[in-house]
Amino acid sequence: MDIRKQILNFKDYSRNTSTMANLKDTYDFEQIESHYQKEWDDKQTYFVETSTENSKNKFYCLSMFPYPSGQLHMGHVRNYTISDTIARVAKLEGKQVLHPMGWDAFGLPAENAAIKNNVPPADWTYKNIDNMRNQLKRLGLGVDWTKELATCHPEYYKWEQWLFTEMYKKGLVYKKESVVNWDPVDQTVLANEQVIDGKGWRSGAPVERRKIPQWFFKITDYADQLLDDLDELEHWPEGVKAMQRNWIGRSQGAQVKFQLSAADASLPLPADTQALEVFTTRPDTLYGVSFIAIAPEHTLSRLAAQKNADLQDLIDRMARMKTSEADMATLPKEGYPTPFTATHPLTGETLPVWVANYVLADYGSGAVMCVAAHDQRDWEFATKYDLPIKPVVSTGDEWDYTEAALTDLGTLINSAEFDGLTSADAKAKICDKLEAETKGFSKIEYRLRDWGISRQRYWGSPIPMIKCESCGDVPVPKEDLPVQLPNDVEFTGEGGSPLAQHATFKHVNCPTCNKPAERETDTFDTFMESSWYYARYTCPRFEDGILSESAKDWTPVDQYVGGIEHATMHLLYSRFLHKVMRDFGYVKSNEPFTRLLCQGMVLSESFFRESDKGEKIYINKLDVDFERDEKGQVIKATEKSTGLPVSLGALEKMSKSKNNGVDPNTLINNYGADTVRLFSMFAAPPEQTLEWSDAGVEGASRFLKRFWKLAYQHLETLEQTEGLDVASVDKMDPKAGELTPAQQEMRLNTHTALQKVTDDYVRRQSFNTGIAALMKLSNQIGAFEETDTQSIVVRHEAIKTLTALLSPIAPHICSEVWTALVGTDLMQETWPVLDESALKTNTITLVVQVNGKKRHEMQVAADASKEDIEKEALSNETVQRFMDGKAPFKVIYVPGRLVNVVVK
RNA sequence: GCCGGGGUGGCGGAACUGGUAGACGCGCCGGAUUCAAAAUCCGGUUCUGGAAACAGAGUGCGAGUUCGAUUCUCGCCCUCGGCACCA
């Protein structure tokens, strides 16, 4: 079980100079793939020493590590093929490539399996890891397995516990009450996904919101840095950066104080709630405030509910809601008036105080000032309850306030001495006035909330804190780390966390005063493990600290590849911990991931028929017969076993429940890893969704067979030519002597492809178009049938180039072809060198348009002058026909592209 | 609801900086090979009209900017991802 057992002994293999293998006449992927996978393992081809020296030319390529569910799925295949391709390109470019793999091994599924099958989570997880590692290896990934780590291993979580205690000492950790989903029947805390329609997934009981003390990281201390440093991330998708900016949600506004009074003498205001502090991003609309709204969980709401059964009902219903923002935002607006009023700080006006279900208790103070005229949510609420709508901003145009709120900025009206000011000026001036009268001040607020890291679960890293009656919260000292998870635990899914129920885990002596104390039984949020693993990969067995010097040299990650679903949380938390580790002196950079590629999901068609009860029964594609029309469109589908008609469902993310998953293992058995990799990379650009297609896989397989045959036939021709052998051809210069036009064209095609594929792989990361260019080159090589010596040399260059360029995608077949063609180890080779001279041509094709429509194509000399080109274009018969006898009004010439003749 | 993607032939996709819409692959159609089939090879394949040459239309919908828009702007529709305890 110990992952250190995975470390292999290194042998010193010299460069492979084995004698050239003759290719077999058929492509035997099984034999080739197992041979090279073994060879790479034996030679430790992908091992990299994470030394300072090597770091000067380093390339750290990382894919988001998988949760070890036990089954590799196509999403994994896609993710790891993308990162593997990028890593292999970098290796061919001569870089020191670190491409590690590990396991995000803590999480709910292991506990669920424990409850269901009575298997200890550790056993279940380690077994899954073994399975998945074997499956991953069959993909032929160029991964340095000596760097493997699993987050559930005590040697990993030890250091994260230690980091937590250091953060605690630096004041970055605090404890506060926070809401969880509570299942009153199972007496346990539920994750959001375990709450279905407001009910516990196992008990079916209505879930309650309950406040319990939990640990938080002060990520908000880093909010400005997290926001500002996004500008450094040139190679991140703009969309992801935008999502992070919105998530952090920095906004400039004002904190305004409203004095309260109680209208009902029997419900006096509590001593500590004589005023409400609200935050607004629109202080310019302060004169338009028509009411104040408070959250249902607010102290005043509960107070008011004592005299209002309907309000109490609303509060109860809200207490049964899930804690998610999406649920809150889609709720129809609902509220009740309270017997409290507020005084407008500037006008002295009396304003009603309402309870409103759209006010979030956890944001700010749980109260907002409502400007019905200029905020859409306030407007909806005001319209429903007939509250006043007071316009105080004008854009100069007429506005119908019975239709919607006017949310644009403008010029102030009905705002006393501020009338006529722009919204921007008014914001500042109103803040000044509030400040002068001590009724408010300007303030920056963030949407970002502190990161709650406590989970009431077993299968996570224990939070290393001890609660002592006399010393308070005491972090576990370094020498006592890690706080290990006990194995003797029972799983029932009831009664809360198994750790809290464990006989001895909880009971310890205080590290400070040695009196009996209680250990924290909550574990870390699993985002914790995934927020620093990339740094630990650089020194996974380092025993003297969280990170060795390697981490300074080998971070940041140069290329990170993973799913778009991690755009906000995982990436934000990682960026946060990276900055913390930087401030502690363990890494040097500001940001953990220099370049980010977010790959799309893998989708496939789903098929179903409806049962008598009207439920959808999903049927695997393999169990369906199809009838198609002459365009290949499915016109009829029936279930093989029953003959019943089957409906075509949507194109959906592969999942068990939709029965539309494709098993990578079966595919590798049938077609080989190279075909599966090729299809995954060819079928769509990496960041878009990928639609699975059996026919497409067949196509990828056919291409590899054609490629094989091309190489095989080339070698045959070569051997049959007198005076030639592979070794001599490989040393001959393809551009020596006069080339025939066909040979010149072949070289043009080869180097055009080389140029395009290099650009597609490296700059654009557009692998599908790169592969398309290679398929085109392959077709061109197939059409080049000359057999004279010079042509063989030209073809040799073409096939060698094709092999090298295809190798990051299909490494096994290319290794075998390369060995036969060149005799060296392709994995030790470098990227082909572009011959600029091969790209030169004498003539170019130009398009001639009339009024923007293509009407003619013409060949011109590459160095023809603008005048000559325009003259020739205008003299063309077709062009003249479309000019309809009129004189050209304007002629637009785009060099190398087109001539556009404009007539009126 | 808020934030961020996506929408192009029968299908997946290409067109990179506003300049030939449909590269490459799949499917389909025709042909070669075969006793036959599979496999393989060759040719065709956006739609409409036309025998063809050719013409017209066409990138989710509606407007706009431009000599020229899949690409830029504005307004919609559909769809996918995230929304803080799935990872």
Would you indicate which nucleotide in [options] comes nearest to any side-chain atom of [X]?
X	options	value
A:Val902	B:G25, B:G12, B:C67	B:C67
A:Gln688	B:C16, B:G13, B:G25	B:G13
A:Arg455	B:C85, B:C26, B:C83	B:C85
A:Asp759	B:C16, B:C26, B:C24	B:C16
A:Asp104	B:A87, B:G12, B:C83	B:A87
A:Asn192	B:A84, B:G12, B:A87	B:A84

Inspect the surroundings of CZ in A:Arg706 and state if more than 12 heavy atoms from other residues, nucleotides or ligands are less than 6.0 Å away.
-> yes
Look at atom NZ of A:Lys175 and say whether more than 12 heavy atoms of other residues, nucleotides or ligands are closer to it than 6.0 Å.
-> yes
Taking atom P of B:G5 as reference, at what distance in whole Å does atom NZ of A:Lys241 sit?
->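 So the two atoms are 12 Å apart, to the nearest Å.
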A:Asp760 CG to B:G13 C1', straight-line distance once rounded to whole Å | 14 Å
Is there a donor and acceptor pair, one atom on the side chain of [X] and one on the base of [N], closer than 3.5 Å?
X	N	result
A:Gln456	B:C85	yes
A:Gln376	B:C2	no
A:Arg245	B:C3	no

Heavy atoms under 4.0 Å, any strand shown: does [X] hit a base, just sugar-phosphate, or nothing?
X	answer
A:Gln214	base
A:Leu448	base
A:Pro685	sugar-phosphate
A:Lys853	sugar-phosphate
A:Arg706	sugar-phosphate

Aromatic plane relationship, A:Phe576 with A:Trp451 - under 30° parallel, 30 to 60° tilted, over 60° perpendicular =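 The rings of A:Trp451 and A:Phe576 stand perpendicular, inter-plane angle above 60°.
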Give me the ring orientation class for A:Tyr560 and A:His570: parallel if the planes are under 30° apart, tilted from 30 to 60°, perpendicular past 60°.
->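 Tilted.
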If only atom types and distance count, is the side chain of A:Tyr156 paired as donor or acceptor with the main-chain N or O of A:Tyr533 below 3.5 Å?
-> yes
From CG (A:Asn79) to CE (A:Met74), nearest 0.5 Å =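 Between A:Asn79 CG and A:Met74 CE, I get 12.0 Å after rounding to 0.5 Å.
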Is the closest basic N to carboxylate O distance between [X] and [Y] below 4.0 Å?
X	Y	value
A:Glu238	A:Lys241	yes
A:Glu870	A:Lys866	yes
A:Arg447	A:Glu325	yes

Residues two or more places apart in sequence or in another chain: which of them pass salt bridge (charged side-chain N to carboxylate O under 4.0 Å, His left out) with A:Arg202?
->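 Scan of A:Arg202 (salt bridge (charged side-chain N to carboxylate O under 4.0 Å, His left out), adjacent residues dropped) gives A:Asp186.
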With the criterion being N/O to N/O and under 3.5 Å, what pairs connect the protein with nucleotides 69-71 of chain B, and how long is each?
none

Heteroatom pairs (N/O) under 3.5 angstrom, protein to nucleotides 72-82 of chain B:
residue	atom	partner	partner atom	Å
B:G82	O2'	A:Thr568	OG1	3.3

Is the centre of the A:Phe703 ring less than 6.0 Å from the centre of the A:Trp708 ring?
->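 A:Phe703 vs A:Trp708: aromatic centres not under 6.0 Å.
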Distance flag, aromatic centroids of A:Tyr157 and A:Phe524, threshold under 6.0 Å |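 No; A:Tyr157 has its ring centre 6.0 Å or more from that of A:Phe524.
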Per-residue pairing states of RNA chain B in dot-bracket (Watson-Crick or G-U under 3.5 Å; . unpaired, | other strand) read (((((((..(((......[....)))((((((.......))))))((((....))))..(((((..]....))))))))))))....
Of all of residues 768-775 of chain A, which get a heavy atom below 4.0 angstrom from RNA chain B, listed by number?
->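 Contacting residues: A:Asn768, A:Thr769, A:Ala772, A:Met775.
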Please step through salt bridge (charged side-chain N to carboxylate O under 4.0 Å, His left out) for the pair A:Arg455 and A:Asp525, ending with a clear verdict.
-> CA-CA 6 Å; A:Arg455 296 292 181 270; A:Asp525 175 7; 3.1 Å; yes
If you measure only the distance, is there a donor-acceptor pair under 3.5 Å linking the side chains of A:Thr769 and A:Asp760?
->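 Yes, a side-chain donor-acceptor pair sits under 3.5 Å.
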Scan side-chain atoms only and decide if A:Tyr67 and A:Asn128 contain a donor-acceptor pair under the 3.5 Å cut-off.
-> no
Looking only at atom C1', what distance separates B:A55 and B:C42, rounded to whole Å?
-> 31 Å
Does the side chain of A:Arg764 get closer than 4.0 angstrom to OP1 or OP2 of B:A15 through an N or O atom?
->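 Yes, such a contact exists.
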Are there any protein N/O atoms within less than 3.5 Å of an N/O atom in nucleotides 19-22 of chain B, and if so, which ones and at what distance?
residue	atom	partner	partner atom	Å
B:G19	N2	A:Gln849	OE1	3.3
B:G19	N2	A:Asn900	ND2	3.2
B:U20	O2	A:Lys854	NZ	3.0
B:U20	O2	A:Glu857	OE2	3.2

Could you please spell out the steps behind the ring-ring contact (aromatic ring centres under 6.0 Å, His included) verdict for A:Tyr671 and A:Phe29?
-> CA-CA 8 Å; A:Tyr671 297 99; A:Phe29 63 80; 7.9 Å; no
Heavy atoms, side chains only, cut-off 4.5 Å: are A:His856 and A:Val847 in contact?
-> no
